S.K.: 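Take this structure, written in structure tokens, and hold onto it; I'll ask about it next.
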Protein chains: 2
Amino acid sequence: MELFLKDIRNVNNANRHYAQKRKIISLLNKAENPLTIPGICKKVKLSIPTGTKLINELIETQIIVEVGKMETENGRRPSVYKVDPDYAYCIGVVILLKGISFSIFNLEMNEVYKFDNNDFILENTSKCLADVIAFIGNSISDSKIDLNKILGVGIGITGRINSQTGNSYNYFNFLESSLTSHLSEQLSVPVYIDNDTHVLGIAEQFFGEAKNVKNAFVVNLSRGLGLSIIANGEIVIGEQGFAGEFGHIQFAESDKLCLCGKRGCLGTEVSGYALEQNFKEQVQSGEISLLLNSKDISEIQYGDILKAAWEGDALSISLIHKMGFLIGKALGNMVNFLNPGIIIIGGKFVSAKEVLIDSIKSGMTHTALSLPLRSCELIFSSIGTDAAIKGAGAIVLCKLQLI
Amino acid sequence: MELFLKDIRNVNNANRHYAQKRKIISLLNKAENPLTIPGICKKVKLSIPTGTKLINELIETQIIVEVGKMETENGRRPSVYKVDPDYAYCIGVVILLKGISFSIFNLEMNEVYKFDNNDFILENTSKCLADVIAFIGNSISDSKIDLNKILGVGIGITGRINSQTGNSYNYFNFLESSLTSHLSEQLSVPVYIDNDTHVLGIAEQFFGEAKNVKNAFVVNLSRGLGLSIIANGEIVIGEQGFAGEFGHIQFAESDKLCLCGKRGCLGTEVSGYALEQNFKEQVQSGEISLLLNSKDISEIQYGDILKAAWEGDALSISLIHKMGFLIGKALGNMVNFLNPGIIIIGGKFVSAKEVLIDSIKSGMTHTALSLPLRSCELIFSSIGTDAAIKGAGAIVLCKLQLI
DNA sequence: TGGAGTTAATAAAAAAAATTATAAACTTGC
DNA sequence: GCAAGTTTATAATTTTTTTTATTAACTCCA
């Protein structure tokens, strides 16, 4: 069993059976229910004897277990098999500007351990990197899960990331080696990274509404604005892994200076940060809000505004509306560009769904051509606020081709 | 041999050897030079005895031929093999608003027959469709090439196309069945379609500068404005095949009404048509141009303006410059979105390369983030004006997985 | 010129996989 | 309650493929 775990971590295993074994595990992982030997063999295009052989070998290593017989209309009842969810684990970590989260998932991608630190503040310093390593290392030991059973750590981090080389360009960019190789070394576990938005896209692609769609957008609307693009059934990462910089598309109506140095970036008007700024501006120019009854203006964060909108605060609603219309226009443009079948709005703004949905839709009709728009569904993420961390964990299974 | 030709047309051939034979043919097609048996076996992951067996079978059907021995540093000299370019043919047809072109290519994608009709005018009528069918049918018989040797016809046509279903939405949209099935029936040859811009993208992907890049844009700047997107090494067609409607991205600076019914479409300011309009406007407002010496203003077409710019006409140059800057800005935005490694400018405007290149580049710096921009090359298509028709023909080989 | 080294192509042997056949487990209907 | 029909699972046989060995073709260098 130990042997197999070691082998399974090496995707380029020379033994050609490993590719087929991965296919079998991936098939079982993706299936809703346990599968039969004939069913598996048909899907992975193996004859029943060889398929049986491989499955028996997988059972011997204990990664696959028989879970009983299946009821059928007629004929002999087949045994059904599934992956033992606790054969191994993967870890998801999400590092945001404020806060770091850690979750361990079993092979069914159910969370078995969770630890957050909301006091964490991301800084591009070696002190902060050491904190991250300590946080992950301590969380692993606190979880009491055997390190040998951990397939890897998938990290979603803010900023521009090259997921293929494992380099981070905005944070922890002072290392000599890549961020992933440094982390892998320090933690003695394989580490994979991607940006926080791609991680959200992966979550939707494998566990959310984008599951059965070949072309999709997954919007990450939180404090920043990002987008994951799924085209031809695959997440588009681009030549250096920078695809999806939706926040820096020049599409804003004003000419505000963006942190990136350019003007007119969509993110300066559509993002949690922009919402806070707009709110403050409006209040200073005399607008009133229910929010001011409970909080001082300097303390108000975009989450408060989203909540206020839910509670009916007129100013909050109108600001979110305006934002929805604008992002809708931008999305409509991108619908012309890539003709997606579904757009999923994710991130913290999901809580403002009721206020946002119609304004986004109406924005989209202003820019999108009718034909591609007609067949593009707009929905809000249903896999909850923990989507990102699940996506981060899923990177590991993805890279090992177990999903 | 006849048998094999019939088999090769059926991509989903049950015989599992056909998939590997396709791989071998595709490998030989893509290679610059003839290949050796050991070389082929290594690439398609077959042992030498089985590889030899399949290659010998392909030689028996005459699709592959031995072309001599290869010079090596040491050891026995291997025989090298290539695809017999004249074993079969594919046809490319490009249907534009004005003009229809027909070319027959051999398996090396060299043109062996060509016929154009520049008097053709595309209309959405059954009369016009009948003309197209007659044109293709007559061209085939005029070429004297055996119909049995023709693998299929790939058509690139203006307008919105669903390349998977074979439906055309703007032209010939009155049929009960799909356009491809109607044409296949009438011509007794398999027919595949895509829009004129995708066809250009296919040409660049297989024969042009995008050959070795996984993420690329291919701009089709002619009378209209279109874009082919290559992401993760594949052309993105989108959910209904409408991806790449770059001309209808809302990014123009004015509010001109577009044919699509919207305002602000990029195509209203960046396209051959827009160039003609702008030229006329400028002349009417008093600007002068060398072009007016030789032609009446009502006769001037965008091709004339491109030519005039080449000859140094100040007005033409300034208009093309402005257009280049604007499309550059739009492309820069899309660079943020998809992080391509290369942008290829194709279409009739290639002739204005000298005037366009710097203005496009400077436009891009206004919108693109520096990191993705730095690694994105901008070039003009080098595969000439016949790129589109070669791409149309290549659809056939693409669909049959022979390339 | 002829042995050592190298690679290709073929032949022989061994291993692996696919068919086919058979047995087992089950439903249905007479 | 037992034959007929169905499907799974395993065993036996056949086919296919790979591995290994051998022969062939060639270079280099003493």
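Here the structure is a predicted model, which is why all the values come from computation and not from measurement. Chain identifiers are assigned alphabetically (A, B, ...) following the order of the sequence lines, protein sequences preceding nucleic acid strands; residue numbering begins at 1 within each chain.
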S.K.: Look at the side-chain N and O atoms of B/Arg77 and state whether any lies under 4.0 Å from the OP1 or OP2 oxygen of D/dT27.
M.R.: yes

S.K.: Can you tell me how far P of D/dT8 sits from CD of A/Glu66, to the nearest Å?
M.R.: 14 Å

S.K.: Among C/dT7, C/dA11, C/dA18, which nucleotide has an atom closest to any side-chain atom of B/Asn74?
M.R.: C/dT7

S.K.: Can you check whether A/Met70 reaches A/Arg77 side chain to side chain, under 4.5 Å on heavy atoms?
M.R.: no

S.K.: Here's a test of your reading of the structure: between B/Gly39 and A/Lys69, which maps to the more 5' nucleotide of DNA chain C?
M.R.: B/Gly39

S.K.: OP1 or OP2 of C/dA17 versus the side-chain N and O atoms of A/His17: is any pair under 4.0 Å?
M.R.: yes

S.K.: Rounded to whole angstrom units, what separation is found between the CG atom of A/Leu35 and the P atom of D/dA9?
M.R.: 12 Å

S.K.: State whether a side-chain donor-acceptor pair under 3.5 Å links A/Glu204 with A/Ser228.
M.R.: no

S.K.: What I want to check is whether the side chains of B/Glu239 and A/Asn215 have a donor and an acceptor closer together than 3.5 Å.
M.R.: yes

S.K.: Classify the side chain of B/Arg76 versus the base of C/dA8 as yes if they form a donor-acceptor pair under 3.5 Å and no if they do not.
M.R.: yes

S.K.: Nearest nucleotide by nearest heavy atom, which residue falls closer to the 5' end of DNA chain C, B/Gly75 or A/Pro49?
M.R.: B/Gly75

S.K.: Name the nucleic acid region contacted by B/Pro38, choosing base, sugar-phosphate or nothing; use a 4.0 angstrom heavy-atom cut-off, strictly under.
M.R.: sugar-phosphate

S.K.: Look at the side chain of A/Thr52 and decide which nucleotide, out of D/dT19, C/dA17, D/dT10, has an atom nearest to it.
M.R.: D/dT10

S.K.: What's the CD1-C1' distance between A/Ile40 and D/dT8, to the nearest Å?
M.R.: 13 Å

S.K.: Quick one: A/Gln20 CD to D/dT17 P, roughly how many Å, whole number?
M.R.: 14 Å

S.K.: Could you tell me how far apart A/Ile48 (CD1) and C/dA21 (P) are, to the nearest whole angstrom?
M.R.: 15 Å

S.K.: Answer with base, sugar-phosphate or nothing: what part of the nucleic acid does B/Ser79 contact at a heavy-atom distance below 4.0 Å?
M.R.: sugar-phosphate

S.K.: How many whole angstroms separate atom NZ of A/Lys42 from atom P of C/dA18?
M.R.: 16 Å

S.K.: Report yes or no: is the cationic atom of B/Lys390 (NZ for Lys, CZ for Arg) closer than 6.0 Å to the six-membered ring centre of B/Phe207, at no more than 45° off its axis?
M.R.: yes

S.K.: Expressed as a whole number of angstroms, how long is the span from A/Leu46:CG to D/dT16:P?
M.R.: 18 Å

S.K.: Please name the pair of heavy atoms, one in B/Val11 and one in B/Lys399, separated by the smallest distance, quoted to 0.1 Å.
M.R.: CG2-O, 3.1 Å

S.K.: Take atom CE of B/Met70 and atom C1' of D/dC26, then tell me their distance rounded to the nearest Å.
M.R.: 13 Å

S.K.: Indicate, with a heavy-atom threshold strictly under 4.0 Å, whether B/Ile37 touches base, sugar-phosphate, or nothing.
M.R.: sugar-phosphate

S.K.: Does a side-chain N or O from B/Thr50 land closer than 4.0 Å to OP1 or OP2 of D/dT16, or not?
M.R.: no

